[in-house]
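Here is the structure we will look at, set down as structure tokens.
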Amino acid sequence: MLAQALGKLPGKAGAPAGDEALGTPEPVAEEGAVQGAATGAGPGVAASVPASTPEGPRRCGLVAIVGRPNVGKSTLLNALVGQKVSITSAKAQTTRHRITGVLTQGASQFVFVDTPGFQTRHSNALNRSLNKTVLGTLPDVDLIVFVVEAGRFGPADAQVLALLPPQVPTLLLANKLDAVQSRAELAPWLLQMQQRRAYAEYVPMSAKSPRDVQRLLAIVEKYLPQQEWLHDADALTDRSERFMAAEMVREKLFRLTGDELPYTSTVQIDQFTQEGELRRIAATIVVEREGHKGMVIGEGGEKLKRIGSEARQELEKLWGGKVFLQLWVKVRSGWADNEARVRSFGYE
């Protein structure tokens, strides 16, 4: 099995007083709010490949994607589905929910479940909720894809590995293969990984390589049980548009503030309505300290304008319609360590 894995290695390759409101794009409205509608519709959603006349018995299975924070799980999910359904950023713990991505090809339906990275460094109410999401997902799946960085395996990876139920087949996915210089570098590491657990298969790859992604799909398909599909053939995710709107705003928040803003910041959707192809969205960015509020708003409101503008463009691309987006910023001190408030913000 190890030789087989190595043989497939590719080469290197309206708000309360004191709250701030801004929207996107730029025309200024009353009370200092900046808001506007999109000026054009993006392309339609890239749906899963429908199986109009699948040959043979149908197959369908749940496939959990697990690993430590920031190892590339969400990037992998998006590559497998062929559309962004899980947000990504350089900030650890970007994924906070169980995100399902659906891909239907031929007679097979893949139901991928992207989980939050298992958090071991902090133990506040938010992280306890995220870890509970991971642990609650694993026993019910048909296959686990354990994602690590090729050539690396640290204490955080080992803690995740210890949580994986032995009765569920597990693939070891050595991601970010493009950072490895040669196969010779990876061989000793793969031997060490083989000693840690009896993996079903080893898959060295890069989630950025379409060929590698197709190879992974072919491997995963073998583990899908024969049963009826769980979703329609053109389904992309089981998450609502309201949820996706909050996630896209949070992604841009993290991407544009970098390490300045603590990862505990979150986004709430206050209003979501649809008028034909136009979606009107009002959202609140929640931060823990007054100083964080200024980081999000930026000088003259420019940072918040950019967050809103980039989020709006992503949503137009996802939905293929116009979006009117208004953003507010509020301070809620200590929310990430308050069980009731964590639940009120939509965390399980």
Side-chain angles (χ1 to χ4, degrees), residues 5 8-13 63-101 103 110-121 130-131 133-134 137-138 141 143-161 163-164 170-181 185-186 189-190 193 196-197 199-220 237 247-248 250-252 254-255 258-259 263 314:
K8 292 182 179 178
L9 275 174
K12 181 180 177 183
V63 182
I65 302 174
V66 302
R68 63 171 170 81
N70 233 22
V71 77
K73 300 182 300 296
S74 296
T75 299
L76 176 64
L77 173 64
N78 294 336
L80 288 166
V81 175
Q83 174 71 27
K84 177 182 279 190
V85 294
S86 187
I87 65 172
T88 62
S89 82
K91 191 180 289 290
Q93 212 68 0
T94 299
T95 300
R96 294 186 183 167
H97 302 268
R98 170 176 164 153
I99 309 293
T100 299
L103 174 68
F110 305 78
V111 183
F112 295 103
V113 183
D114 183 20
T115 59
F118 195 83
Q119 181 60 257
T120 59
R121 295 179 58 190
L130 302 188
N131 289 346
T133 297
V134 178
T137 298
L138 300 181
V141 302
L143 179 69
I144 295 173
V145 177
F146 177 41
V147 184
V148 299
E149 290 187 36
R152 294 184 56 187
F153 191 86
D157 298 297
Q159 287 179 295
V160 177
L161 178 59
L163 299 172
L164 306 185
T170 300
L171 303 183
L172 174 65
L173 192 150
N175 194 25
K176 304 185 182 181
L177 186 62
D178 49 324
V180 176
Q181 298 297 321
E185 290 183 29
L186 201 59
W189 176 82
L190 279 173
M193 296 302 296
R196 292 179 179 274
R197 182 187 177 102
Y199 296 101
E201 297 192 43
Y202 302 86
V203 189
M205 64 170 288
S206 169
K208 297 179 181 179
S209 166
R211 185 169 66 175
D212 283 359
V213 170
Q214 290 304 312
R215 179 165 58 91
L216 175 60
L217 284 171
I219 294 171
V220 170
T237 181
E247 288 289 275
M248 290 301 179
R250 193 163 60 84
E251 178 186 73
K252 303 311 173 186
F254 284 169
R255 284 180 176 267
D259 293 332
Y263 83 95
E314 286 273 14

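Reckoned from all heavy atoms, side chains included, excluding hydrogens, waters and symmetry mates.
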Between Lys73 and Arg68 (side chain of the first, backbone of the second, donor and acceptor by atom type, cut-off under 3.5 Å), is there such a pair?
yes
Taking Asp212 for its side chain and Ser206 for its backbone only, find out whether a donor-acceptor pair lies under 3.5 Å.
yes
Would you mind reporting whether Arg215 and Val203 have side-chain heavy atoms less than 4.5 Å apart?
yes
So, for Phe153 and Val148, which heavy atoms are closest and what is the spacing to 0.1 Å?
CD1-CG1, 4.2 Å
If you measure from NZ on Lys252 to CD on Glu314, what distance do you get to the nearest 0.5 Å?
3.5 Å
Would Arg197 and Leu164 count as a side-chain contact (heavy atoms from CB on, under 4.5 Å) if you check the C-alpha gap in whole Å, the side-chain angles of each, and the deciding distance to 0.1 Å?
CA-CA 10 Å; Arg197 182 187 177 102; Leu164 306 185; 3.7 Å; yes
If you apply the rule side-chain contact (heavy atoms from CB on, under 4.5 Å), what do you find for Leu163 with Val66, and how did you get there?
CA-CA 10 Å; Leu163 299 172; Val66 302; over 6 Å; no
From CA spacing to verdict: side-chain contact (heavy atoms from CB on, under 4.5 Å), Gln214, Leu217
CA-CA 5 Å; Gln214 290 304 312; Leu217 284 171; 3.8 Å; yes
Heavy-atom pair with the smallest gap, counting every atom of Leu186 and Gly151
CD1-N, 3.6 Å
From CE (Met193) to OH (Tyr202), nearest 0.5 Å
8.0 Å
Nearest 0.5 Å, what's the CG-CD1 distance between Leu172 and Ile144?
12.5 Å
Measure the acute angle between the ring planes of Phe110 and Phe112, then classify it against the limits of 30° and 60° as parallel, tilted or perpendicular.
parallel
Working for side-chain contact (heavy atoms from CB on, under 4.5 Å), residues Asn175 and Val71
CA-CA 8 Å; Asn175 194 25; Val71 77; 5.7 Å; no
Roughly how far, to the nearest 0.5 Å, is CG of Asp178 from CE of Met205?
10.0 Å
Residue pair Ala150 / Val180: nearest heavy atoms and the distance that separates them
CB-CG2, 3.7 Å
From Leu143 CG over to Glu201 CD, what is the distance, rounded to the nearest 0.5 angstrom?
9.0 Å
Smallest heavy-atom separation, Asp157 atom then Phe146 atom, equals O-CZ, 3.6 Å
Separation between CG of Leu173 and CD1 of Ile65, rounded to the nearest 0.5 Å
8.5 Å
Can you name the side-chain contact (heavy atoms from CB on, under 4.5 Å) partners of Ala79, sequence neighbours left out?
Val213
Scanning both residues in full, the closest heavy-atom pair of Val81 with Leu103 reads O-CD1, 4.1 Å
Identify the heavy atoms of Trp189 and Glu149 that sit nearest to each other, and give their distance.
CZ2-O, 3.8 Å
